[in-house]
Amino acid sequence: MPELPEVETVRRGLAPVLEGAVIRQVKINRPDLRFPFPDGFAERITGRIIHALSRRAKYLLAELDDGNVIAMHLGMSGSFQAFPVEQGGGEPMGRFHHPRSTDPQHDHVVLNVEKADAVSSVIYNDPRRFGYMTLLGRHEMDSHPLFARLGIEPTGNSLDGVTIATLFAGKAAPLKAALLDQRLIAGLGNIYVCEALWHAGLSPRRAAGTIASASGKASARSDRLAEAVRDVIGRAIEAGGSSLRDHRLTDGSLGYFQHSFNVYDREDMTCARPGCDGTVRRIVQSGRSTFFCPACQR
DNA sequence: CCGACTACCTGCCCGC
DNA sequence: TGCGGGCAGGTAGTCG
């Protein structure tokens with residue numbers, strides 16, 4: 001599922017429930033996701049207060065009051081949903097499968113949290129288990145292997161034509177691969193790379209090093225690409241991400257950016273660019289589908 | 001170092 | 001209806 005816009009959507013959905021909440025109970029339904037949970041994971045986060053829920057690239061970060069950070073990656077199929085828990089009667093805090101969970105088989109982690117006397121269950125579901133969670137010290141963030149080599153965020157103003165020209169200078173790899181490389185720009189995935197290249201009118205097969213001017217500085221191409229990336233990511237976040245298959249917001253509703261796709265999953269359809277009569281093609285690059293219009297993406 | 005490829009895991013969809 | 005193959009939003013590890 002999730003690229004940066006989906007993770008940011010999850011963060012915005014969970015923040016009101018988690019920020020300022022105390023973790024009352026943690027249930028881990030299996031020893032591992034993609035990687036084993038750290039030793040004592042459940043015990044070490046139980047009783048902690050979550051000061052802030054932030055995001056770096058495709059990682060969700062729960063910053064705890066003891067200086068540790070829970071880093072969570074959703075892999076391909078991870079999702080969170082938050083449910084209010086009725087209090088009084090029964091033992092709601094002890095419940096693992098929430099009655100409203102639609103896929104209890106893959107509910108791997110349940111956090112019961114309390115904030116202002118309201119109790120919520122926050123459930124992590126992940127059928128393919130490519131996601132993972134770990135716990136690290138706040139001050140380890142810059143040196144930790146998961147984060148040390150992450151590139152710049154594609155949001156805000158940090159990504160401009162100069163930056164992207166510099167990052168891609170001398171690269172023989174195709175633009176598609178360079179944009180997916182988390183060490184250069186962190187947070188893009190298959191969908192939004194395809195969409196950004198379409199908006200920029202650039203071929204996914206073009207060598208990344210060729211978007212700079214002859215002197216290696218920013219060019220019309222690098223400016224266009226930087227703007228396309230920022231614009232696609234920004235609009236996708238506003239739309240609540242893209243809901244393919246199973247991606248849902250934390251309240252169970254659907255994002256709607258998939259209705260704004262111009263090339264992704266549109267093989268054989270006519271190019272959406274006004275005045276272009278090209279046909280969207282699907283090719284495979286480094287083992288992954290790329291969708292693009294050969295007529296207007298050069 | 002770079003770039004291409006494989007593996008990880010489950011579910012779904014399509015064609016036969 | 002059942003079955004095999006291909007495909008899926010990510011990335012760590014390996015290999016040339």
Side-chain angles (χ1 to χ4, degrees), chain A residues 1-11 29-36 55-60 71-80 102-108 124-134 144-151 154 167-197 204-210 229 232-233 236-237 239-249 254-261 263-268 282-291:
Chain A
M1 174 242 317
E3 303 181 34
L4 188 155
E6 290 73 35
V7 177
E8 177 61 20
T9 298
V10 170
R11 190 197 68 77
N29 199 32
R30 50 175 302 127
D32 56 16
L33 293 172
R34 180 172 186 180
F35 306 117
R55 179 191 58 73
R56 171 75 171 104
K58 299 173 192 173
Y59 291 90
L60 273 179
M72 298 167 275
H73 196 292
L74 306 184
M76 289 278 268
S77 59
S79 64
F80 278 99
T102 52
D103 179 26
Q105 183 184 353
H106 301 299
D107 287 344
H108 304 307
Y124 179 70
N125 180 287
D126 188 354
R128 293 175 74 179
R129 303 200 306 274
F130 288 169
Y132 46 96
M133 295 187 188
T134 192
H144 193 281
L146 290 176
F147 298 95
R149 293 175 5 181
L150 285 180
L167 286 172
F168 288 6
K171 294 213 170 293
L175 276 176
K176 173 77 184 304
L179 288 164
L180 282 175
D181 188 340
Q182 304 295 299
R183 296 168 302 183
L184 302 175
I185 301 169
L188 303 182
N190 207 34
I191 291 178
Y192 298 111
V193 165
C194 291
E195 293 298 312
L197 285 168
R205 296 194 273 216
R206 168 187 281 272
T210 66
V229 168
V232 165
I233 294 298
I237 291 172
S242 304
S243 291
L244 309 186
R245 305 170 191 83
D246 50 6
H247 170 62
R248 291 185 175 251
L249 277 63
L254 299 172
Y256 54 87
F257 192 75
Q258 66 277 13
H259 303 301
S260 299
F261 290 170
V263 284
Y264 185 82
D265 206 19
R266 292 174 63 87
E267 185 180 16
D268 293 337
R282 173 184 175 275
I283 60 173
V284 175
Q285 293 179 288
S286 16
R288 313 199 57 196
S289 288
T290 296
F291 298 89

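Letters A, B, ... mirror the listed sequences (proteins, then strands); counts begin at 1. Not measured: the values here are computed from a predicted model. Both backbone and side-chain heavy atoms feed into the values below; hydrogens, waters and symmetry mates do not.
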Please tabulate, one pair per line, each protein N/O and nucleotide N/O from nucleotides 8-10 of chain B that are separated by under 3.5 Å, including the distance.
unit_1: B:dC9; atom_1: O3'; unit_2: A:Arg129; atom_2: NH2; d: 3.2
unit_1: B:dC9; atom_1: O2; unit_2: A:Arg128; atom_2: NE; d: 2.8
unit_1: B:dC9; atom_1: N3; unit_2: A:Arg128; atom_2: NH2; d: 3.4
unit_1: B:dT10; atom_1: OP1; unit_2: A:Arg129; atom_2: NH1; d: 3.1

### Query
Taking A:Asp126 for the side chain and A:His108 for the main chain, is one N or O donor matched with an acceptor at less than 3.5 Å?
no

### Task
Please confirm whether the backbone N or O of A:Ile185 pairs with a side-chain atom of A:Arg183, one donor and one acceptor, at under 3.5 Å?
no

### Query
In which ranges does DNA chain C form stems of 3 or more consecutive Watson-Crick or G-U pairs, distances under 3.5 Å?
B:2-8 with C:10-16, B:10-16 with C:2-8

Rounded to whole angstrom, note down the [atom1] distance from [N] over to [M].
| N | M | atom1 | value |
| --- | --- | --- | --- |
| C:dA12 | B:dG11 | C1' | 23 Å |
| B:dT6 | C:dG6 | P | 13 Å |
| C:dT11 | B:dC12 | P | 23 Å |
| C:dG5 | B:dA7 | P | 16 Å |

### Message
Between A:Tyr192 and A:Phe257, is the ring centroid distance below 6.0 Å?
### Response
yes

### Query
Given the side-chain rings of A:Phe291 and A:Phe261, with only the six-membered ring counted for Trp, is the space between their centroids under 6.0 Å?
no

## Note on the structure
Note: A:Ser289 and A:Cys194 closest approach over all heavy atoms is O-SG, 4.3 Å

### Summary
Scanning both residues in full, the closest heavy-atom pair of A:Pro2 with A:Leu74 reads CG-CB, 3.3 Å

### Message
Among A:Thr102, A:Asn29, A:Asn125, exactly one meets side-chain hydrogen bond (donor to acceptor under 3.5 Å, both in side chains) together with A:Asp107. Which residue is that?
### Response
A:Asn125

Is [X] near enough to [N] that one of its side-chain N or O atoms lies under 4.0 angstrom from OP1 or OP2?
| X | N | result |
| --- | --- | --- |
| A:Gln182 | C:dT11 | yes |
| A:Tyr264 | C:dG9 | yes |
| A:Arg288 | C:dA8 | no |
| A:Ser77 | C:dG9 | no |
| A:Lys58 | C:dG9 | no |

### Task
Start with the C-alpha gap between A:Tyr124 and A:Met72, add the side-chain angles, then the distance that decides, and say whether side chain to side chain contact (heavy atoms under 4.5 Å, CB included) holds.
CA-CA 10 Å; A:Tyr124 179 70; A:Met72 298 167 275; over 6 Å; no

### Query
Looking at side-chain heavy atoms only, is the closest gap between A:Val193 and A:Thr290 below 4.5 Å?
no

Euclidean distance, atom [atom1] of residue [X] to atom [atom2] of [N] [Å, nearest integer]:
| X | N | atom1 | atom2 | result |
| --- | --- | --- | --- | --- |
| A:Leu244 | B:dC12 | CG | P | 15 Å |
| A:Lys176 | C:dT11 | NZ | P | 13 Å |
| A:Ile233 | C:dG9 | CD1 | P | 15 Å |
| A:Ile191 | C:dG10 | CD1 | C1' | 12 Å |
| A:Asp265 | B:dC12 | CG | P | 17 Å |
| A:Ile185 | C:dT11 | CD1 | C1' | 17 Å |
| A:Arg149 | C:dA12 | CZ | C1' | 11 Å |
| A:Phe35 | C:dT11 | CZ | P | 11 Å |

### Task
Name the orientation class of the two ring planes belonging to A:Tyr132 and A:Tyr59 (parallel below 30°, tilted from 30 to 60°, perpendicular beyond 60°).
perpendicular

Protein-nucleotides 1-4 of chain B N/O pairs under 3.5 Å:
unit_1: B:dG3; atom_1: OP1; unit_2: A:Ala172; atom_2: N; d: 3.2
unit_1: B:dG3; atom_1: OP1; unit_2: A:Ala173; atom_2: N; d: 2.8

### Task
Rounded to the nearest 0.5 Å, what's the gap from CD on A:Glu3 to CD1 on A:Ile233? Could you check?
6.5 Å

### Query
Touch check for A:Tyr132, heavy atoms < 4.0 angstrom, all strands: base, sugar-phosphate only, or nothing?
sugar-phosphate

### Query
Between A:Arg205 and A:Ile283, is a side chain to side chain contact (heavy atoms under 4.5 Å, CB included) present by the stated rule, with each step listed?
CA-CA 10 Å; A:Arg205 296 194 273 216; A:Ile283 60 173; 3.8 Å; yes

### Task
Apply side chain to side chain contact (heavy atoms under 4.5 Å, CB included) to the pair A:Lys176 and A:Leu180, showing each step before the final yes or no.
CA-CA 6 Å; A:Lys176 173 77 184 304; A:Leu180 282 175; 3.8 Å; yes

